[in-house]
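Okay, structure first, notes after.
Proteins get letters first, then strands, A, B, ... in listed order; numbering begins at 1 in each. Every heavy atom of this structure was used, including side-chain atoms; hydrogens, water molecules and symmetry mates were not.
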Amino acid sequence: MSLKGRPPRQEMPCQDPQVRRNNFNEVALGYQEKLAVAEATRCLQCKKPQCLAGCPVEVPIPEFIKAVAEGDFAQAAQIVKSKNSLPAICGRVCPQETQCEAECVLGKKFEPVAIGRLERFVADWEMDKGVEKPAPAPKKGQKVAVIGSGPAGLTCAADLAKLGYAVTLYEALHVPGGVLMYGIPEFRLPKAVVQAEIDYLRQLGVDIQVDIVIGKGKTVQEILDDGYAAVFLGTGAGLPRFMGVPGENLCGVFSANEFLTRTNLMKGYRFPEYFTPVIVGRRVAVLGGGNVAMDAARTALRLGAAESTIVYRRSAKEMPARAEEVEHAHAEGVQFQYLTSPVEMLGDENGWVKALKCLRYELGEPDASGRRRPVPIPGSEFILEADTVVVAIGSGANPMVIKTTKGLAVNKHGNIAADDDGQTSIPGVYAGGDIVTGAATVILAMGAGKKSAQAIDRYLTAQPGEKTQ
Amino acid sequence: MFPIVRKEVIATNPAVKLFEVKAPLVAAKAKAGQFFILRCNEQGERIPLTIADYNRQAGTVTTIFQEVGASTKILGKLNEGEAILDFVGPLGLPSEIKKHPDPVVCVGGGIGIAPVFPIARALKEAGNYVIGIIGAKNKDLIFWEDRMRAVCDELIVCTDDGSYGRRGFVTDALKDVYTQREGRINQIWAIGPMIMMRVISNTTRPWEVKTIVSMNPIMLDGTGMCGACRVLVGKETKFACVDGPEFDGHLIDWDLAMKRALIFKREEQRALAVVECQGGGCGCH
Ligand SMILES: Cc1cc2nc3c(=O)[nH]c(=O)nc-3n(C[C@H](O)[C@H](O)[C@H](O)COP(=O)(O)OP(=O)(O)OC[C@H]3O[C@@H](n4cnc5c(N)ncnc54)[C@H](O)[C@@H]3O)c2cc1C
Ligand code: FES
């Protein structure tokens, strides 16, 4: 078939923007079989596929797409899962446009194959059919502890369990899943999808212990002393950053973590059926330009805000959010103030925020991140009214584990120092995901969890007996 | 699940209750000054409560709480033998306990008597001369007088209405102690309603006696992840759940703290209406 004759990239069926801005149901509805097959047939099945290089976990992309094109969805699911243990999640939240799809040859002239949507289709198809209970692996007789149950921890725990280790997964919150549960909203990543992955982990025999804060209730050293042969730290980048401008502690100013946790984890959008409140005013300003900011701005609309505005220091081009989320935000009526940043938050007599005093910026020379540095324009001050402000400018490493683990080296950003395999400065202690890289992506965290599981297996196999208790 | 092994009704108006809960991990590590977070059921809020006592052998933690909002009312309905869904801790930093050359004073107002008790005990065990002051609105709301007396070298009990002990506020008793001792007090702990801690801090500031208060701002995770618990201390924003809950009362921005405590006031009232609703007709939900 000639390139020209190929069908265009199949659109993702979505809830109508005017409807969905008022509900928390999933926005993107997923391909049906026909659409999926049509999209899969667009793939050129390149001899030297470029897309592979764009995938941090090396999913055999052309192979699984071929299976979809042939209608063998079970086979497709197997192929995806050989490399990616959380495809239903990654298909929904990976920034495909900067990864696999960015490399797709079709994309040079036309639109790239919708690899992410196909991945999601395959995973959802399998989940619908019911995932087969994994065959128990022969027991290794060694215990490994995984701290933190975000994508890094979930993946590491699953892989270690499949290798036959007795795995205990510790989570500080009352629900496992990390950012997937408390941060990313229901309308983008239904919690049932994450729950299915967690159930699968339980089936693998992983012992999930919630409500345990490592560094408080237990320390890493105590876990090692308890006979665990190795520990993986996947504690994420949970420490919210604030701007440090005057007025930031006014009532109505929330970190994105607080705003989203109230809504997602605590189900504040169903208050008072669920008892944790979450509030928005009429005019909501969200500071930042990443996925977190988009999620907060779109959540604000769904909670009833009349206006929801993204306030971002750079221009549209530099926004790190997934392209699809920015599109969806636009369609739902989120407004954007680019090249703008607050210098002060102004309050009323009751201590509630009522406006942001902002400065306009222009882009100067590129900075360390390669993005052009925003430079304030003198005298450009203006007032942006807002009665709720959500700060979504990033997050750092929570120091709790680091502070309480003797000999655990950190890098200059305060993240745990670890090599490519996740090996830290302490033998037998591995780390990966946001706690090592700083806030990054689900797929990178997953990849890190995978690598560490392999490294832990090598480490434990190399010294049999010694570590067994 | 975390079973309630003992429940006591300390007072009925307002309702104050004691729970001793089996939570071995928390009990093993608990120290004076720390708190924990519980969740009664699937719909429940994460409620932070200060640790009033712990028993490492039995693996239990004791807490005393007043039923103020919907969530504490629901908690209060649970009975001995029933269990709490989630119970995580100990959280926050423990009190800094050391031997002081001069006497130290532990002030507990109302429900604050509970958390000040383990601090007084730890200070006593560290060899301090401990003066205790406990107070409440009336006689019914005074509890643990015997326990406090056992760990204090001197104990003053006061009630606002004079129905028991000396009449008046804990602040007045503290002023008398200060005068009697001619200012020879090394440090003060004051735990109770925000307004009480504020008044005490303002009273002791000119004395230049370090005054530690225990803040209980709105919290969510209790692990430093959300910043709901922000407190301005001096010029610095602190997260009470990980940097506190104890802070130097002289440095707290009390105005801000009191305003932030009211952020969800309207929602709290709505939730309370739902809990108290006797089944329709009231339009609460
Ligand atoms: C709102 C939001 C939207 C996002 N959107 C996207 C997206 O669309 N695409 C994408 O690829 N990425 C996205 N990200 C980023 C992505 O979610 C993270 O990079 C990823 O979750 C990191 O995984 P992790 O396993 O390292 O850590 P986390 O997911 O942060 O999990 C860490 C877990 O460890 C637990 N923990 C921490 N400390 C302790 C302790 N002391 N003891 C026990 N447990 C502890 C935490 O409670 C948490 O559950 C988003 C992030 C947020 C916040
Ligand atoms: S309660 Fe969330 S940071 Fe303190």
Side-chain angles (χ1 to χ4, degrees), chain A residues 171-175 179 182-183 209-219 222 235-242 244 248-262 265-268 270-279 347 349-352 391 395-396 398-400 403, chain B residues 2 23 25-26 28-29 34 36-47 69-71 74 85-92 218 220-232 237 239 242 253 255-264 266-268 270-275 284-285:
Chain A
E171 169 56 47
L173 292 170
H174 57 265
V175 165
V179 167
Y182 77 71
Q209 301 266 348
V210 295
D211 292 331
I212 297 182
V213 183
I214 302 304
K216 290 285 178 190
K218 256 187 204 295
T219 62
E222 284 168 337
T235 49
L239 189 74
R241 282 205 195 98
F242 286 90
E248 204 161 20
N249 292 328
L250 286 165
C251 303
V253 181
F254 304 101
S255 76
N257 273 1
E258 179 181 356
F259 188 65
L260 292 171
T261 300
R262 284 182 180 281
L265 182 72
M266 305 310 294
K267 301 212 164 53
R270 288 165 69 180
F271 179 87
E273 181 197 348
Y274 285 77
F275 278 96
T276 306
V278 57
I279 46 176
E349 63 285 357
N350 297 319
W352 277 82
V391 184
S395 53
N398 188 322
M400 206 173 286
K403 271 201 218 154
Chain B
F2 302 84
L25 211 63
V26 185
K29 288 290 179 72
Q34 292 187 294
F36 62 88
I37 285 186
L38 63 75
R39 205 169 66 112
C40 294
N41 54 36
E42 213 38 64
Q43 288 74 34
E45 279 187 276
R46 293 172 63 94
I47 313 171
S71 291
I74 295 169
L85 183 59
D86 296 291
F87 198 101
V88 53
L91 300 170
I218 292 170
L220 191 56
D221 59 299
T223 65
M225 180 268 267
C226 77
C229 60
R230 302 194 308 279
V231 179
L232 197 58
T237 296
F239 289 5
V242 284
D253 183 333
D255 262 340
L256 181 79
M258 295 184 104
K259 284 173 180 158
R260 287 191 59 87
L262 301 178
I263 291 179
F264 295 104
R266 260 208 327 235
E267 288 69 27
E268 277 161 20
R270 203 168 141 216
L272 192 59
V274 172
V275 171
C284 69
H285 63 304

From CA spacing to verdict: side-chain contact (heavy atoms from CB on, under 4.5 Å), A/Leu173, B/Met225: CA-CA 10 Å; A/Leu173 292 170; B/Met225 180 268 267; 4.0 Å; yes
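- Taking 4.5 Å as the limit, some side-chain heavy atom of A/Thr276 sits within range of a side-chain heavy atom of B/Leu220.
- For chain B, the nearby parts of A/Asn249 are the backbone and the side chain; heavy atoms of each come within less than 4.5 Å.
- B/Val274 approaches A/Pro272 most closely through the heavy-atom pair CG2-CG, 3.8 Å.
- Nearest heavy atoms, B/Lys259 versus A/Asn350: CD-O, 3.4 Å.
- Interface residue B/Ile218: only side-chain heavy atoms are found under 4.5 Å from chain A.
- Interface remark: B/Phe36 contributes no atoms to any contact with chain A (heavy atom separation under 4.5 Å).
- Interface check for chain A: of the options B/Gly92, B/Gly222, B/Ala28, the most heavy-atom pairs under 4.5 Å are formed by B/Gly92.
- Interface remark: B/Arg260 contributes backbone and side-chain atoms alike to the contact with chain A (heavy atom separation under 4.5 Å).
- In this structure, the portion of A/Tyr182 lying under 4.5 Å from any heavy atom of chain B is its side chain and not its backbone.
- Taking all atoms of both residues into account, the shortest heavy-atom contact from A/Leu239 to B/Gly224 is CD1-O, 3.4 Å.
- Inter-residue side-chain proximity for A/Ile279 and B/Glu267 is flagged as met; some heavy-atom pair is nearer than 4.5 Å.
- Across every non-hydrogen atom of A/Met266 and B/Arg39, the tightest pair is CE-CD, 4.2 Å.
- Using a 4.5 Å cut-off between heavy atoms, A/Leu260 does not touch chain B at all.
- When heavy atoms are compared at a cutoff of 4.5 Å, B/Val231 does not approach chain A at all.
- With respect to chain A, the highest number of heavy-atom pairs below 4.5 Å among B/Ile263, B/Asp221, B/Leu25 belongs to B/Ile263.
- With a 4.5 Å cut-off on non-hydrogen atoms, A/Lys267 does not touch chain B at all.
- Only the backbone of A/Val278 comes within contact range of chain B, with heavy atoms under 4.5 Å apart.
- Heavy-atom pairs under 4.5 Å with chain B peak, among A/Ala256, A/Gly244, A/Pro240, at A/Pro240.
- Options A/Ser255, A/Gly236, A/Gly252 differ in how many heavy-atom pairs under 4.5 Å they form with chain B, and the most are formed by A/Ser255.
- Looking at B/Lys29 and A/Glu222, a side-chain N of the basic residue comes within less than 4.0 Å of a carboxylate O on the acidic one, giving a salt bridge.
- Contacts of B/Arg266 with chain A are absent, with no heavy-atom separation under 4.5 Å from either backbone or side chain.
- When all heavy atoms of B/Arg230 and A/Leu250 are compared, the closest pair comes out as NH2-O, 4.4 Å.
- For the set A/Gly351, A/Gly215, A/Gly217, A/Pro399, the entry with the most heavy-atom pairs within less than 4.5 Å of chain B is A/Gly217.
- Scanning all heavy atoms of the two residues, the minimum distance from A/Glu258 to B/Gly227 falls at OE1-C, 4.2 Å.
- For A/Arg262, the parts sitting under 4.5 Å from any heavy atom of chain B are the backbone and the side chain alike.
- A/Phe275 contributes atom CZ, which lies 10.0 Å from atom CD1 of B/Ile47 (distance to the nearest 0.5 angstrom).
- Interface residue B/Ala70: only side-chain heavy atoms are found under 4.5 Å from chain A.
- Contacts of B/Ile74 with chain A are made by side-chain atoms alone, with heavy-atom separations under 4.5 Å and no backbone atom involved.
- Both the backbone and the side chain of B/Thr223 come within contact range of chain A, judged by heavy atoms closer than 4.5 Å.
- Side-chain atoms of A/Asp211 never come within 3.5 Å of backbone atoms of B/Asp86 as a donor-acceptor pair (strictly under, hydrogens ignored).
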